[in-house]
Amino acid sequence: MLRLILLGPPGAGKGTQATRIVEKYSIPHISTGDIFRKNIKEGTELGRRAQEYMNKGELVPDDLVIEIAEARLLEEDCKNGYLLDGFPRTVYQAEKFDEFLQEKAAKIDKVIDIEVAAEELKKRIIGRRVCRSCGASYHVDNMPPKKEGVCDVCGGELYQRHDDTAETVDNRISVYNEQTKPLTDYYEKTGRLARVDGAGDTDAVFAAIVSIIGE
Ligand code: ADP
Ligand code: ADP
Ligand code: ZN
């Protein structure tokens with residue numbers, strides 16, 4: 001049983017590390033951002049409601065997020081644990097999530113906070129490219145695909161997320177500082193927080209995360 005939360009600003013490398021963590025520990029990767037993007041792609045009502053906030057770099061309203069996150073966590077594949085990426089993102093979400101866990105006599109093992117300076121975050125976000133088919137993430141300079149515009153994993157088309165632009169990135173970072181950063185205190189108080197320096201290369205960051213979770 002292993003329940004983990006990845007915290008950190010947009011562009012810190014949560015998705016990149018999540019792919020490696022879930023492979024090593026055999027738990028599902030639950031990204032609320034991915035759930036919203038899938039709904040937008042499929043044209044659902046949930047996608048339509050989330051999109052207006054996402055395009056502006058604002059957070060989707062708490063009640064909507066909590067509902068979809070909890071529904072996902074009740075699915076069969078989550079019964080032996082999971083890695084949460086991008087949820088919770090407000091103190092209210094964290095409190096509601098703790099109530100959800102308590103009702104099931106469950107607990108979070110570790111909250112891993114990946115920290116990266118704002119200037120580097122901007123470069124990472126603006127250069128990010130994502131596979132339309134499998135969601136794998138690349139960077140035009142730091143982690144280019146073997147063939148430009150094409151996913152190494154599945155051959156799918158790479159695209160730039162609507163919210164990965166110079167216009168929205170500053171807003172996303174300030175939204176993070178105002179609404180999500182206070183969560184580090186919330187989890188630190190209950191002894192669950194571990195901080196990781198996200199400035200190094202992906203191997204170094206992953207090694208630091210493994211040393212926190214344990215082999
Ligand atoms: P998040 O999920 O936190 O928003 P991602 O994992 O998508 O972040 O990473 C953001 C961008 O930065 C991606 O383009 C990714 O390829 C790149 N990236 C991730 N980790 C590193 C790293 N350690 N060093 C340099 N670039 C990175
Ligand atoms: P990032 O690379 O910024 O970490 P995500 O893919 O996690 O991106 O999230 C993209 C967008 O989806 C966010 O900017 C926000 O609008 C919305 N979103 C995702 N998770 C949440 C959440 N837990 N609470 C509110 N909004 C969320
Ligand atoms: Zn792909």
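Counting convention: from 1, in listed order, for ligands and their atoms alike.
Close contacts between ligand 2 and E58 involve ligand atoms 15 (C), 16 (O) [criterion: under 4.0 Å to a heavy atom]. Numbered from 1 in the order shown, with element, the atoms of ligand 2 that lie under 4.0 Å from a heavy atom of R37 read 6 (O), 10 (C). Within ligand 2, counting atoms from 1 as listed, the ones closer than 4.0 Å to a heavy atom of T32 are 19 (C), 20 (N), 21 (C), 23 (N). Close contacts between ligand 2 and Q93 involve ligand atoms 22 (C), 23 (N), 24 (N), 25 (C) [criterion: under 4.0 Å to a heavy atom].
Counting only distance, with no hydrogens or angles, the side chain of Q51 and the backbone of G47 share no donor-acceptor pair below 3.5 Å. Between the side chain of K14 and the backbone N or O of P9 there is at least one donor-acceptor pair closer than 3.5 Å.
In terms of heavy-atom proximity, A69 sits nearest to T32 at CB-CG2, 4.2 Å. The two residues R192 and I108 have their closest heavy-atom pair at CD-O, 3.8 Å.
A salt bridge links R72 to D77: one of the charged nitrogens lies within less than 4.0 Å of a carboxylate oxygen. E76 and K79 are joined by a salt bridge, as a carboxylate oxygen and a charged side-chain nitrogen come within less than 4.0 angstrom of each other. Between R20 and D203 a salt bridge is recorded (basic side-chain N to carboxylate O distance below 4.0 Å). The pair K107-D109 meets the salt-bridge criterion, with a side-chain N (NZ, NE, NH1 or NH2) lying under 4.0 Å from an Asp/Glu carboxylate O.
Screening residues 132-155 for side-chain hydrogen bond (donor to acceptor under 3.5 Å, both in side chains), with sequence neighbours left out, gives R132-E157.
Residues lining ligand 1 at a heavy-atom distance below 4.0 Å are given as P9, P10, G11, A12, G13, K14, G15, T16, R124, R128, S137, Y138, H139, N142, M143, G200, D201, T202, ordered by chain and residue number.
Residue V130 shares its hydrophobic cluster (ILVMFWY side chains chained together at separations under 4.5 Å) with Y159.
Judged purely by distance below 3.5 Å, without hydrogens or angles, the side chains of D62 and T90 pair a donor atom with an acceptor atom.
Contacts with ligand 2 closer than 4.0 Å are made by heavy atoms of both the backbone and the side chain of L59.
Excluding waters, the protein N/O/S atoms found under 2.8 Å from the Zn ion (ligand 3) are C131 SG, C134 SG, C151 SG, C154 SG.
For ligand 2, the polar-atom distance check against D163 finds no nitrogen or oxygen pair separated by under 3.5 Å. By the 3.5 Å distance cut-off applied to N or O atoms, F87 is not counted among the residues near ligand 2. Taking only nitrogen or oxygen atoms, main chain and side chain alike, Y53 does not reach within less than 3.5 Å of ligand 2.
Geometrically, K104 engages F100 in a cation-pi contact defined by less than 6.0 Å to the ring centre and at most 45° from the axis.
With rounding to the nearest 0.5 angstrom, the CD1 atom of I112 is 11.5 Å from the CG atom of L84.
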